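We use all heavy atoms of the structure for the numbers below, so side chains are in, but hydrogens, waters and symmetry mates are not. Proteins get letters first, then strands, A, B, ... in listed order; numbering begins at 1 in each. This is a predicted model, so every value here is computed, not measured.
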2 protein chains.
Amino acid sequence: MDRFLSSAVNRIDAKGRVSVPGAFRALAAKRGYHELYALRALEEPALDVGGMDLLERYERQLEQANPFLRTADDMSAYVHGEGTFLKLDADGRITMSDFIREHTGITSEVGFLGRGQFFQIWEPERMRQHLADVRARLTTLRQAAAQARPSGASE
Amino acid sequence: MDRFLSSAVNRIDAKGRVSVPGAFRALAAKRGYHELYALRALEEPALDVGGMDLLERYERQLEQANPFLRTADDMSAYVHGEGTFLKLDADGRITMSDFIREHTGITSEVGFLGRGQFFQIWEPERMRQHLADVRARLTTLRQAAAQARPSGASE
DNA sequence: TCTTGTCCCATGCTATCCCATGAACGCAAT
DNA sequence: ATTGCGTTCATGGGATAGCATGGGACAAGA
């Protein structure tokens with residue numbers, strides 16, 4: 001088990017804390033993430049969470065999204081301005097700051113969504129909606145592919 | 001016997017566990033699956049279950065998708081967010097989590113359906129209905145073919 | 001002083017390990 | 001064929017470990 005898989009919803013307690021799902025915590029530990037790094041996703045009301053390797057990924061996305069932001073300085077400002085550290089406490093919980101709540105709309109519960117090399121933090125209802133949308137787009141794609149290849153051949 | 005064949009229905013015990021049919025377990029072991037990967041099927045209330053090679057196959061497709069399109073992101077969200085690991089315990093049972101129950105409607109019994117290279121998990125009544133539907137479609141197809149080819153040739 | 005964030009501990013629930021039981025099946029000797 | 005034995009398999013349950021959650025206490029900053 002070496003990927004962030006599956007999804008879960010956990011509740012925020014009176015002090016603003018949430019448990020990170022055990023499976024995600026275990027994987028983060030296995031990868032040697034002593035600190036979690038969270039970045040505001042570019043096109044979604046979610047945060048991408050992972051180790052420092054996330055920065056590279058984010059920079060690549062930025063290049064694609066905005067070719068004018070190409071200088072290292074611009075990039076750095078953007079990446080660091082949109083990112084934050086998440087400190088895991090002794091019980092495996094993180095505190096939901098305003099920085100996170102603003103971008104995601106999170107209030108009382110947190111949705112965790114595995115994305116393979118990292119995971120995301122969502123407002124649960126938005127996460128469900130997002131997954132439904134994704135599913136709908138992929139279904140359409142598949143049906144279009146089936147049209148193009150009439151006989152019931154599955155790769 | 002190197003394919004997942006046939007179907008079976010097993011009951012969930014008070015702790016939420018179900019036995020994976022012996023034949024499926026034997027094949028999984030033969031293939032070296034120490035962990036099972038399950039994905040919520042796109043167009044059916046079922047889970048596709050296989051080994052890590054199933055996940056890896058999807059991930060390879062993912063890498064080939066054009067990163068400028070939303071499709072790559074959608075596929076990652078689907079394959080990772082809608083997938084999960086299933087741990088077989090020492091007695092060959094798996095636990096039916098809410099993650100599984102939500103998508104399938106499973107409550108007290110589980111239907112296992114062999115699909116060759118993988119198998120599926122269904123709510124039993126839905127599985128029966130699905131099989132009946134498939135059978136009906138095939139019959140229709142065959143009759144249409146018989147019309148086109150009048151002499152009563154069968155096999 | 002009042003809030004905010006940590007650290008530490010308590011509790012209930014769920015998952016997991018390990019062992020027991022009984023039914024079904026196969027094999028072989030009678 | 002029938003009987004009897006052993007094996008596999010589905011199912012049940014006790015005990016335990018891990019996890020999500022709640023709250024007290026303390027320290028630091030406003």
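The aromatic rings of A/Tyr33 and A/Phe4 lie parallel to each other, with less than 30° between the two planes, well short of the 60° mark.
The side chain of B/Asn10 lies closest to D/dA10, out of D/dA20, D/dA10, C/dC7. Comparing C/dC9, D/dA10, D/dG12 by their closest approach to the side chain of A/Arg93 singles out C/dC9. Listed candidates were C/dC19, C/dC17, D/dG23. Nearest to the side chain of B/Asp91 is C/dC19.
Geometrically, A/Arg3 does not engage B/Phe85 in a cation-pi contact defined by less than 6.0 Å to the ring centre and at most 45° from the axis.
Distance, B/Leu88 CG to C/dC17 C1': 14 Å, rounded to whole Å. What separates CG of A/Leu27 from P of D/dC19 is a distance of 13 Å, to the nearest Å. A straight line from CZ of A/Arg17 to C1' of C/dG5 spans 10 Å, rounded to a whole angstrom. Regarding A/Asp89, its CG atom lies at a distance of 18 Å from the P atom of C/dT4, rounded to whole Å. Taking atom CZ of residue B/Phe99 and atom P of nucleotide D/dC19, one finds them 19 Å apart after rounding to whole Å. When the P atom of C/dT14 is taken as reference, atom CD1 of B/Ile100 falls 16 Å away, rounded to whole Å. Between the CE atom of A/Met96 and the C1' atom of C/dG5 there is a distance of 15 Å, rounded to whole Å. Rounded to an integer number of Å, the gap from B/Asp13 CG to C/dC18 P is 17 Å.
Looking at A/Arg128 and A/Glu125, a side-chain N of the basic residue comes within less than 4.0 Å of a carboxylate O on the acidic one, giving a salt bridge. Residues B/Arg31 and B/Asp53 are not paired through a salt bridge, judged by the lack of any N-O separation under 4.0 Å between the basic side chain and the carboxylate. For the pair B/Arg25 and B/Asp91, the salt-bridge criterion is not met [side-chain N within less than 4.0 Å of a carboxylate O]. With respect to the salt-bridge test (charged N to carboxylate O, under 4.0 angstrom), the residues A/Arg135 and B/Glu82 qualify.
Contact annotation: B/Lys15 side-chain N/O to C/dT16 OP1/OP2 distance is not under 4.0 Å. In this structure, A/Arg11 reaches the D/dG22 phosphate: one of its side-chain N or O atoms is under 4.0 Å from OP1 or OP2. Between B/Lys87 and the phosphate of C/dA15, there is no side-chain N or O to OP1/OP2 separation shorter than 4.0 Å. Side-chain nitrogen and oxygen atoms of B/Thr95 include none within less than 4.0 Å of the OP1 or OP2 phosphate oxygen of C/dT14.
Under 3.5 Å, the side chains of B/Glu59 and B/His80 contain a donor-acceptor pair of N or O atoms.
Using a 4.0 Å heavy-atom cutoff across all strands shown, B/Arg25 reaches sugar-phosphate atoms only and no base atom.
Contact check of residues 107-120 of chain B against DNA chain C (heavy atom, cut-off under 4.0 Å) returns no residues at all.
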